[in-house]
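Heads up: the structure comes next, in structure tokens.
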Amino acid sequence: MCTYIEVEQVPNTLAVLLSRPAWLWGAEMGANEMGVCIGNEAVWTKEAIEERDALLGMDLVRLALERAHSAKAAVHIIADLLGQYGQGGSCKEDPEPFMYHNTFLLCDRLEAYVLESAGPYWAAERMTEGALNISNQLSIGTSIWQEHPQLRSHALAQGWWNGTEEFNFKVVYSLKTQPVRMEAAKARYRAGQELLQRQQGHITAETMMQILRNKESGICMDSGGFRTTSSMVSVLPRCPHLPCVHLLTATPDPSRSVFKPFMFGEGVTQVPWVLSPTFGDNDPLRQTPRFQTQVDRRHELYRHHQRALKMSEENEDTKLNLQAKQRKMEEENISLVNNLLDGLGTDAPDLSDLFLHCVEKELALYKEENN
């Protein structure tokens, strides 16, 4: 059972790490035990959005992570699921439906892909070096690696493409008049490109954290009814003997949060302080009509984090002191990760509790600040 519909299960699934809105089944971004990482973005195109229950883009992220042993396989899995079940359903916990199609950024230790969709139609671009970003708009032009078999014939039938000019996916399928929110996405996309290009050739985890904290560009969002609710940076060493490390905030606004490292291992368990409460049949998602009431879905770290930030706003010294403690804690986390990646070999110890310990340490900080 996904958010709105059921799909056929596969015989075996992989362990996954998910960062997701608590009310739905899927994930905005995540990773699996094979080192595959996927994130998704909303997009609006010329293809009409059907008002029906189907798979959310976030459901597709989780399904691909559960099933794919490589980023390439994940592309094919999402494409197949799009064809079999379609995409649709409201993507917001609100009585007023909010619907869109999806773009995906997928990578593993060796390569990366962008997969962009318009209804059932899609195009994918492959990348083996350099840097790229996505941000609420189509970005694949003429460098298409694979595509839906009717992608071009459909555009031709709709009059979006004349069949003689070079086929450019983003030109052919993008809306002529973009929604206001898409104009902001353009600036965010360009800023992301520029920030990555400045660091080209020496991008580190710290580089990515700095970019994710950039408020001037809108990448770190806190306006227009939207805000960055969680952030994730993954380090995927090409050497198969080194572990993949995933750093997550699990709290809103990365500029005021701490990135904490997670690693897959035999003994890894759920961390209760970053698990949102569940409401079973009483969940507004499961009521008819949906989302007529609201529930508090914040997990414990989220609640204490927000309270500490609110209290720190009352005094500048308190605010600066909390920020200094957060940065020190994060620096210790990054130092630990760098030491692990520099020194770990095939005899690496099990570090399944690493994320747990980091969350406990951060939670203790906020409880101390809140007293």
Side-chain angles (χ1 to χ4, degrees), residues 19-21 27-30 37-45 57-58 61 91-92 98 100-107 112-116 125 127 129-141 170-171 174-175 177-235 246-260 305-306 309 313 319-320 323 326-327 330-331 334:
S19 182
R20 64 188 183 92
E28 293 274 12
M29 56 191 173
C37 298
I38 309 175
N40 90 313
E41 291 271 3
V43 69
W44 292 265
T45 70
M58 291 167 279
V61 169
C91 305
K92 191 175 182 182
F98 179 63
Y100 49 75
H101 292 152
N102 293 270
T103 68
F104 305 88
L105 188 59
L106 314 93
C107 64
Y113 296 84
V114 174
L115 172 63
E116 300 184 333
E125 180 178 356
M127 183 180 183
E129 61 181 5
L132 56 79
N133 60 306
I134 59 174
S135 189
N136 300 117
Q137 60 189 310
L138 298 180
S139 63
I140 299 174
K170 65 182 177 184
V171 170
S174 291
L175 290 165
T177 303
Q178 301 281 9
V180 175
R181 67 176 72 91
M182 297 287 276
E183 293 303 318
K186 288 180 182 178
R188 198 162 56 244
Y189 177 71
R190 286 194 299 269
Q193 281 186 314
E194 292 168 5
L195 290 167
L196 287 168
Q197 286 170 359
R198 286 181 203 168
Q199 304 294 331
Q200 189 76 27
H202 47 88
I203 294 174
T204 63
E206 293 92 327
T207 304
M208 295 307 301
M209 292 175 195
Q210 189 176 7
I211 291 174
L212 292 175
R213 286 173 167 146
N214 190 294
K215 291 199 171 186
E216 183 181 357
S217 64
I219 292 171
C220 182
M221 189 182 294
D222 195 14
S223 63
F226 292 91
R227 69 170 171 174
T228 300
T229 50
S230 186
S231 302
M232 175 176 171
V233 173
S234 292
V235 182
H246 312 282
L247 297 123
L248 302 96
T249 59
T251 53
D253 190 345
S255 70
R256 305 176 72 187
S257 293
V258 178
F259 280 91
K260 298 166 283 294
H305 173 264
Q306 294 294 282
L309 292 187
E313 291 296 331
K319 179 180 177 180
L320 293 174
Q323 289 176 344
Q326 286 179 313
R327 294 289 77 80
E330 184 175 280
E331 287 170 5
I334 297 297

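Each residue takes its place number in the sequence, starting with 1.
The distance from atom CD1 of Ile38 to atom CG of Leu105, rounded to the nearest 0.5 Å, is 9.5 Å. Taken from CD in Gln200 to CG in Leu195, the straight-line distance is 12.5 Å, to the nearest 0.5 Å. To the nearest 0.5 Å, the span separating CD on Gln210 from CD on Gln199 amounts to 6.5 Å. Atom CZ in Arg327 sits 4.5 Å away from atom CD in Glu330 (nearest 0.5 Å). Atom-to-atom distance recorded for Glu41:CD and Leu138:CG is 12.0 Å, nearest 0.5 angstrom. The OH atom of Tyr100 sits 14.0 Å away from the OG1 atom of Thr45 when rounded to the nearest 0.5 Å.
Side-chain atoms of Ser174 and Gln137, non-hydrogen and from C-beta on, never get closer than 4.5 Å to each other. With contacts defined as side-chain heavy-atom distances shorter than 4.5 Å, the pair Asp253/Thr228 does not qualify. Inter-residue side-chain proximity for Ser230 and Glu28 is flagged as unmet; no heavy-atom pair is nearer than 4.5 Å. In this structure, Cys220 and Leu212 have side chains that are not in contact, with every pair of non-hydrogen atoms separated by 4.5 Å or more. Side-chain contact between Ile140 and Thr103 is absent, with no heavy atoms from C-beta onward closer than 4.5 Å.
Within 6.0 Å of CD in Gln323 there are more than 12 heavy atoms belonging to other residues, nucleotides or ligands. By the neighbour-count criterion of 12 heavy atoms within 6.0 Å, atom CD of Glu313 is densely surrounded, having more than that number from other residues, nucleotides or ligands.
Across Leu248 and Ser19, no two heavy atoms sit closer than the pair CD2-CB, 4.3 Å. Between Met127 and Glu129, the shortest heavy-atom distance links the atoms CE-O, 2.7 Å. Considering all non-hydrogen atoms of both residues, Val114 and Ser139 come closest at CG1-OG, 4.1 Å. Scanning all heavy atoms of the two residues, the minimum distance from Ala131 to Ile203 falls at CB-CD1, 4.0 Å. Considering all non-hydrogen atoms of both residues, Val258 and Lys260 come closest at O-NZ, 2.7 Å.
Judged purely by atom type and a 3.5 angstrom limit, Asn40 has no side-chain atom pairing as donor or acceptor with the backbone of Phe104. At distances below 3.5 Å, at least one donor-acceptor pair connects side-chain atoms of Ser257 with backbone N or O atoms of Pro252.
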Please assess Asn133 against Ile211 for the test side-chain contact (heavy atoms from CB on, under 4.5 Å), listing each intermediate value before the final yes or no. CA-CA 11 Å; Asn133 60 306; Ile211 291 174; over 6 Å; no
Between His246 and Cys37, does a side-chain contact (heavy atoms from CB on, under 4.5 Å) hold up when you go through it step by step? CA-CA 9 Å; His246 312 282; Cys37 298; 3.7 Å; yes
Passes side-chain contact (heavy atoms from CB on, under 4.5 Å), Val61 versus Arg20? Steps please. CA-CA 10 Å; Val61 169; Arg20 64 188 183 92; over 6 Å; no
side-chain contact (heavy atoms from CB on, under 4.5 Å) between Glu116 and Val43, intermediate numbers included: CA-CA 9 Å; Glu116 300 184 333; Val43 69; over 6 Å; no
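Under a 4.0 Å N-O distance rule, the pair Glu125/Lys170 does not qualify as a salt bridge.
Of the options Met209, Met208, Met232, Glu206, a side-chain contact (heavy atoms from CB on, under 4.5 Å) to Leu247 is made by Met209 and by none of the others.
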